[in-house]
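Comments concern the structure below.
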Amino acid sequence: QVQLVESGGGLVQAGGSLRLSCATSGRTWDTYALGWFRQAPGKERDFVAVISGGDTTTYYQESVKGRFTISRDNAKHTVNLQMNRLKPEDTAVYYCAARRGPIATMEKSEFVYWGQGTQVTVSS
């Protein structure tokens, strides 16, 4: 069982930055790939970024490449999402998720553990 708790959301102006963090529990830290997804009002939950459990392979949604960076802090057992040059279309609830297995994937159905989400609002 893995428990995930997100933090760091908030309101920011377009062009600004936010850093999301996800604290994880569980004893098998390296065996889980960790990802971030987001859900805007009236839309499906979409993939944003993922990092593998071992070699820190990363994948990003095309629209956030070059602006967002996902990273793992192995000492603190957290996964972070640094979001720069934010746009109004980045507004959504952001969810941290864990996949049972270290290989990174963009497939939402592969992730079995989810946090409660944190709101990110970008004003124009």
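Values below: every heavy atom of this structure, side chains too, minus hydrogens, waters and symmetry copies.
- A donor atom on one side chain and an acceptor atom on the other are found under 3.5 Å apart for Gln82 and Asn84.
- Ring centroids of Phe37 and Phe111 are separated by less than 6.0 Å, placing the two rings close together.
- In this structure, Thr24 contributes its side chain and His77 its backbone to a donor-acceptor pair below 3.5 Å.
- Here the side chain of Arg72 pairs no donor or acceptor atom with the backbone of Ala33 at under 3.5 angstrom.
- Residue Ser63 holds its OG atom at 7.5 Å from NZ of Lys87, rounded to the nearest 0.5 Å.
- You'll find the side chain of Arg45 reaches within 4.5 Å of the side chain of Trp114, heavy atoms only.
- Going from atom OG1 of Thr91 over to atom CZ of Arg38 covers 9.0 Å, rounded to the nearest 0.5 Å.
- The closest donor-acceptor contact from the side chain of Ser25 to the backbone of Gln3 lies under 3.5 Å.
- Side chain of Glu6 to main chain of Gly117: a donor-acceptor pair is present (N/O by atom type, distance under 3.5 Å, no hydrogens or angles).
- Note: Phe68 and Tyr94 have tilted aromatic rings, judged against thresholds of 30 and 60 degrees for the angle between ring planes.
- One distance of note links CG of Asn80 with CD1 of Ile51; it measures 9.5 Å at 0.5 Å rounding.
- When atom types are taken as modelled, the side chain of Tyr60 and the backbone of Ile70 share a donor-acceptor pair closer than 3.5 angstrom.
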